[in-house]
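Only one structure is covered here, and it is reproduced in the block below.
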Amino acid sequence: MKRKTVTLAFVFMMISALAYGPDDYEMILKTGSNDDRVELGKLFYGVCGRVETLPPDYIKAVKLFYAAAVQHHPNAQYWLSKMYSEGHGVRKRPDKAYVWAFSASERGDADAQNLLGVYFTEGIGTEADLEKAAQYFVRSARQGNAKGQYNLAVCYETGAGLEQDAKKAVDWYKRAARQDLPIAQYNLGTCYEYGIGVQVDYNSAYSWYNSAANLGNSYAQTALGRLYESAKGVQEDPIIAANWYRAASDQGNIAGILKLAEFYDRGYGVPRSPSNAARLYAKAAENGDAEAQLRYAISLESSADGSADIENAKKWYEMSAVQGNENAASSLKIIALDSDEVKSRAENAAKTEFVFKGLYPGMPVEDAAYTLEQILQKDKQNGKLILFISKDKNGNRKVSHENLVEITGDSSGKVTNIFIDNSIADILFETQMISNEKFISFFSNKYNLSDTTRSETTAFITADGRRAGSQKQIIYKHESGSEIVFYGSYIISRLKGAQDPVKAGLCKPAGSFAVRRAAEK
């Protein structure tokens, strides 16, 4: 009987709460109860959840909240604090926002205690104090406030104002997540995905991401796309991954935009469309994301339909470089070179140097980078930079294609050695992995290398200071003085473990070649 009485009382209260509407504003403001003022104020603020849909009227909301707040209604004070902090219906006053939140908090309002914790975290109306912030999050969380529980979990995860404790963070994330707070569900998903405070559990990560994603959280939507792309907790499904990335992208989530653009670049989960990829890169670039600016610049520079916009690409490379993106800075240096000047240097060098595909020993490293950037366009479908300018252990500059192309330079910035991996050789010469001997024959015929200059040698492979095997090398000498070295088969006789000798850097893949100055050994 007691439960029935409580239920009937609750129903009566709800009917009473729904008995007024926007037209009752004057009456509620002047003679209504403080509870009614708060509920109608929330309706004008836009968070009441009532059937009516109204455009916000912040001025009326402020008046209703104020009328109840001065009569010490805690939740009215909380809402009034929010409006002062946001500048809705009143001039933004952080000091008043703090005062009203403090008053409501002292009267036990859990929403206000959480809000006061945010103010202490961000220094709104008071000095920033992470320890005080955590204390207020604790008070709010213990009353069951979902946002307070979430913020307390963040404190435990990051060590902000409290001793870092990942397990306690997970516990409080769970409490908030069970109240359908999307951001808490997303963070709990990340804990399960990466093993923060719990064992890695992709199924649980998927479950919480899915809940948050369906509640509209764009970070969770991107995370779900990642799980479907990488087959973690679910079967790989590029179409579903693309759909989740699209959902996040539609909300302006930068990571979602970049992933969807990458899918369009690759034709993975969606039909390949460089134009759609470029459009999405532009969208993210315009929002100031450095990686998006880099990728958009690449799409402008290497447009497949012949509509390359070099000047615009320079602008976006520069904007990305200003934000500290080293790849963008390198590309900006490369693209700044005048291509006609580079071609002219190659033509002049052809009289005295061995030149293949515009590359030759003795050319400036920057020229080599530019030249490779042009001839390896076919390998740009993933939307990422091909070239990375760095230094070797002696401080000499070099350019690499993910270690598949290595160009070593001397202290003056001149190329001394050009190494081309077999897979990149296939791109350069469209040989499609023919046998090593056939490739050598093809290459020597193409560049008029005389068999009279051909020699073979065996290079020893060493591991841990001991001889571990050997590799066959075929060398042609060019009249310019350069040497062309073709790397052949290798034999490993003493190599501990299952270490791949190529990946270990002990030898070069068969079918690779190098062009070097004769003096370099």
Side-chain angles (χ1 to χ4, degrees), residues 6-7 10-11 13-14 17-18 38-39 42-43 45-53 56 74-75 78-79 82 86 108-118 121 136-158 166-194 196-198 201-228 232-234 240 243-253 255-256:
V6 171
T7 303
F10 177 75
V11 171
M13 180 183 70
M14 291 302 296
L18 293 172
V38 170
E39 290 305 312
K42 289 162 65 178
L43 181 64
Y45 186 84
V47 295
C48 189
R50 292 275 293 274
V51 175
E52 300 95 329
T53 56
N75 202 235
Y78 158 75
W79 283 104
K82 277 182 65 70
E86 296 166 351
D109 187 271
D111 287 325
Q113 289 165 347
N114 173 66
L115 188 61
L116 199 59
V118 173
T121 299
Y136 281 104
F137 291 143
V138 168
R139 292 170 63 179
S140 176
R142 286 177 176 170
Q143 291 197 69
N145 185 278
K147 291 182 179 178
Q149 292 169 342
Y150 164 75
N151 284 321
L152 180 58
V154 172
C155 289
Y156 275 120
E157 184 180 355
T158 61
K167 290 184 178 179
K168 287 184 179 179
V170 169
D171 179 58
W172 285 108
Y173 279 140
K174 284 181 178 178
R175 299 188 194 196
R178 288 167 183 157
Q179 296 192 63
D180 289 333
L181 187 67
I183 186 62
Q185 294 176 337
Y186 164 72
N187 277 26
L188 185 56
T190 63
C191 289
Y192 278 110
E193 183 180 3
Y194 298 107
I196 301 171
V198 290
D201 184 342
Y202 295 130
N203 291 327
S204 293
Y206 169 81
S207 178
W208 286 114
Y209 284 152
N210 190 55
S211 294
N214 282 296
L215 289 172
N217 184 277
S218 66
Y219 296 100
Q221 291 166 346
T222 300
L224 265 187
R226 184 176 64 248
L227 293 187
Y228 276 106
K232 291 180 178 178
V234 290
I240 295 178
N243 287 338
W244 280 117
Y245 287 143
R246 184 177 291 105
S249 173
D250 289 344
Q251 294 194 66
N253 183 286

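Residue indices begin at 1 and follow the sequence shown. All heavy atoms count here, side chains included; hydrogens, waters and symmetry mates do not.
- Remark: V234 pairs with Y206, L227, Y228 by the side chain to side chain contact (heavy atoms under 4.5 Å, CB included) rule, at least two apart or across chains.
- A distance of 12.0 Å separates CZ of R139 from CG of N114, quoted to the nearest 0.5 Å.
- The structure places CZ of F137 at 8.5 Å from OG of S140, a figure rounded to the nearest 0.5 Å.
- The two residues V170 and L188 come nearest to each other via the heavy atoms CG1-CD1, 3.9 Å.
- Here the straight-line distance linking atom CH2 of W79 with atom CG of D111 works out to 7.5 Å at 0.5 Å rounding.
- Looking at residues two or more places apart in sequence or on another chain, you find a side chain to side chain contact (heavy atoms under 4.5 Å, CB included) between N217 and P182, I183, Y186, A212, Y219, A220.
- Contact between Y45 and K82 at its shortest, heavy atoms only, is OH-CE, 3.8 Å.
- Residue C191 comes nearest to V198 through the heavy atom pair O-CG2, 3.6 Å, listed as atom of the first residue, atom of the second, then distance.
- With sequence neighbours excluded, the residues satisfying side chain to side chain contact (heavy atoms under 4.5 Å, CB included) with S204 are Y192, D201.
- By the salt bridge (charged side-chain N to carboxylate O under 4.0 Å, His left out) test, E193 is found to be paired with R226, residues two or more places apart in sequence or in another chain being considered.
- The distance from the NZ atom of K232 to the OH atom of Y209 is 9.0 Å, given to the nearest 0.5 Å.
- For the pair Y245/T222, a side-chain contact is recorded, criterion being any heavy-atom separation below 4.5 Å from C-beta on.
- By the 4.5 Å heavy-atom criterion applied to side chains, N145 and Q113 are not counted as neighbours.
- Looking at Q179, its side chain does come within 3.5 Å of a backbone N or O of G144 through a donor-acceptor pair.
- With contacts defined as side-chain heavy-atom distances shorter than 4.5 Å, the pair W172/V138 does not qualify.
- A distance-only check finds no donor-acceptor pair linking the side chain of E157 to the backbone of G197 [under 3.5 Å].
- Residues D180 and Q185 are in side-chain contact: their nearest non-hydrogen atoms beyond the backbone lie under 4.5 Å apart.
- Remark: D171 engages R175 in a salt bridge (charged side-chain N to carboxylate O under 4.0 Å, His left out) (not counting sequence neighbours).
- Shown here are the salt bridge (charged side-chain N to carboxylate O under 4.0 Å, His left out) partners of K147, two or more places apart in sequence or in another chain: there are none.
- Expressed to the nearest 0.5 Å, how far CG of L152 lies from OH of Y173 amounts to 10.0 Å.
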